[in-house]
Amino acid sequence: QVQLVESGGGLVQAGGSLRLSCAASGRPFSSYAMGWFRQAPGKEREFVQAISWNGGTRYDADSVKGRFTISRDNARNTVYLQMNSLKPEDTAVYYCAAGRLATPDLKQYDYWGQGTQVTVSS
């Protein structure tokens, strides 16, 4: 089992920045690929970014390319999502997830956090 706890969400104006963190406990963090997903009200959960176990492979959703950056610190059992140039359409609950492969497919992730709310005002 892996437990994931997100933090760092909040209210920010358009054009601002936030950094989300996801702290993992349980099985060795470094053995898992990690992903960030988000879900806006009335919409399906969608992929944001993913990173392989050693950080060597990363995937981005087109909607966040050049603005968001995923990174991980295996010594701290933490994955981060740096979000810059935020837009109102980035408003959503953001979830981190752990799985065997870094992939945009949310069905491939075995463990999920409880989510953290990000609200971007115009």
Side-chain angles (χ1 to χ4, degrees):
Q1 286 281 355
V2 175
Q3 292 77 42
L4 302 172
V5 179
E6 302 96 335
S7 61
L11 174 63
V12 63
Q13 288 188 333
S17 298
L18 281 174
R19 188 175 82 155
L20 305 183
S21 299
C22 173
S25 60
R27 289 185 175 177
F29 175 73
S30 60
S31 64
Y32 288 94
M34 299 298 295
W36 284 99
F37 294 79
R38 65 187 182 186
Q39 188 166 18
K43 295 188 177 181
E44 293 186 351
R45 193 168 299 189
E46 66 174 10
F47 170 72
V48 177
Q49 291 192 319
I51 188 168
S52 61
W53 69 274
N54 63 354
T57 302
R58 304 181 190 192
Y59 295 98
D60 301 333
D62 288 343
S63 59
V64 305
K65 280 185 188 293
R67 300 189 299 123
F68 290 12
T69 303
I70 190 171
S71 62
R72 66 188 297 160
D73 184 338
N74 287 345
R76 296 179 182 271
N77 293 344
T78 302
V79 63
Y80 304 97
L81 184 67
Q82 178 66 44
M83 306 186 293
N84 298 328
S85 302
L86 282 160
K87 305 175 181 180
E89 51 263 44
D90 294 318
T91 295
V93 177
Y94 283 71
Y95 299 89
C96 68
R100 297 180 183 179
L101 293 175
T103 170
D105 184 358
L106 60 83
K107 296 188 295 295
Q108 300 301 319
Y109 291 85
D110 301 312
Y111 303 101
W112 292 82
Q114 82 291 347
T116 185
Q117 176 70 47
V118 172
T119 302
V120 184
S121 63
S122 58

Tell me the closest heavy-atom pair linking [X] and [Y], and the distance in Å.
X     : Y      : value
Gln49 : Asp60  : NE2-OD1, 2.7 Å
Gly9  : Thr116 : N-OG1, 3.2 Å
Gln82 : Ser17  : NE2-CB, 4.0 Å
Leu20 : Tyr94  : CD1-CB, 3.5 Å
Val79 : Met34  : CG1-CE, 3.8 Å

What distance do [X] atom [atom1] and [Y] atom [atom2] have between them, rounded to the nearest 0.5 Å?
X     : Y      : atom1 : atom2 : value
Arg27 : Asp110 : CZ    : CG    : 9.0 Å
Leu81 : Thr69  : CG    : OG1   : 8.0 Å
Asn84 : Phe68  : CG    : CZ    : 8.5 Å
Cys96 : Tyr109 : SG    : OH    : 11.0 Å
Lys43 : Arg38  : NZ    : CZ    : 8.5 Å
Asp90 : Thr119 : CG    : OG1   : 11.0 Å

Checking the side chain of [X] only, and the main-chain atoms of [Y] only, is there a donor and an acceptor separated by less than 3.5 Å?
X      : Y      : value
Arg76  : Arg72  : no
Asn74  : Trp53  : yes
Gln108 : Arg100 : no
Gln13  : Val120 : no
Glu6   : Cys22  : no

Query raised in the report: Can you find a heavy atom in the side chain of Met83 that is under 4.5 Å from one in the side chain of Arg19?
Result: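 Side-chain contact under 4.5 Å: no.
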Report task. Measure the shortest side-chain to side-chain distance between Leu86 and Leu18 over non-hydrogen atoms and say whether it is less than 4.5 angstrom. Result ->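 The answer is yes, as the side chains (C-beta and beyond) meet within the 4.5 Å cut-off.
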**Report entry** Tyr95 six-ring centre to Arg45 NZ/CZ under 6.0 Å and within 45° of normal
**Finding:**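 Judged by the rule (NZ or CZ under 6.0 Å from the ring centre, within 45° of its axis), Arg45 counts as positioned above Tyr95.
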Query - Hydrophobic cluster membership, Val12 vs Val64, 4.5 Å side-chain cutoff - result: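 Hydrophobic grouping puts Val12 with Val64.
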Query raised in the report: Do you reckon Phe29 sits in the same ILVMFWY cluster as Val2, going by side-chain contacts under 4.5 Å, direct or chained?
Result: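 Yes, one cluster joins them.
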Query raised in the report: Are there more than 12 heavy atoms of other residues, nucleotides or ligands under 6.0 Å from atom OH of Tyr111?
Result: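 Result for OH/Tyr111: enclosed.
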Query raised in the report: Got a sec: does the NZ of Lys65 have more than 12 other heavy atoms crowding it under 6.0 Å?
Result: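 Yes, because the 6.0 Å sphere around NZ of Lys65 holds more than 12 heavy atoms from other groups.
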Requested in this report: I would like to know whether Tyr80 and Ile70 meet side chain to side chain contact (heavy atoms under 4.5 Å, CB included); could you show each step before the answer?
Outcome: CA-CA 6 Å; Tyr80 304 97; Ile70 190 171; over 6 Å; no
Query raised in the report: Strictly under 6.0 Å, is that where the ring centroids of Trp36 and Phe47 end up?
Result: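 No; Phe47 has its ring centre 6.0 Å or more from that of Trp36.
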Query raised in the report: Does a donor on one side chain and an acceptor on the other come within less than 3.5 Å for Asn54 and Ser52?
Result: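 Present: a donor and an acceptor within the cut-off.
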Query raised in the report: What is the ring orientation for Phe37 with Trp112, classed by angle as parallel under 30°, tilted 30 to 60°, or perpendicular over 60°?
Result: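 Rings of Phe37 and Trp112: tilted, as their planes differ by 30° to 60°.
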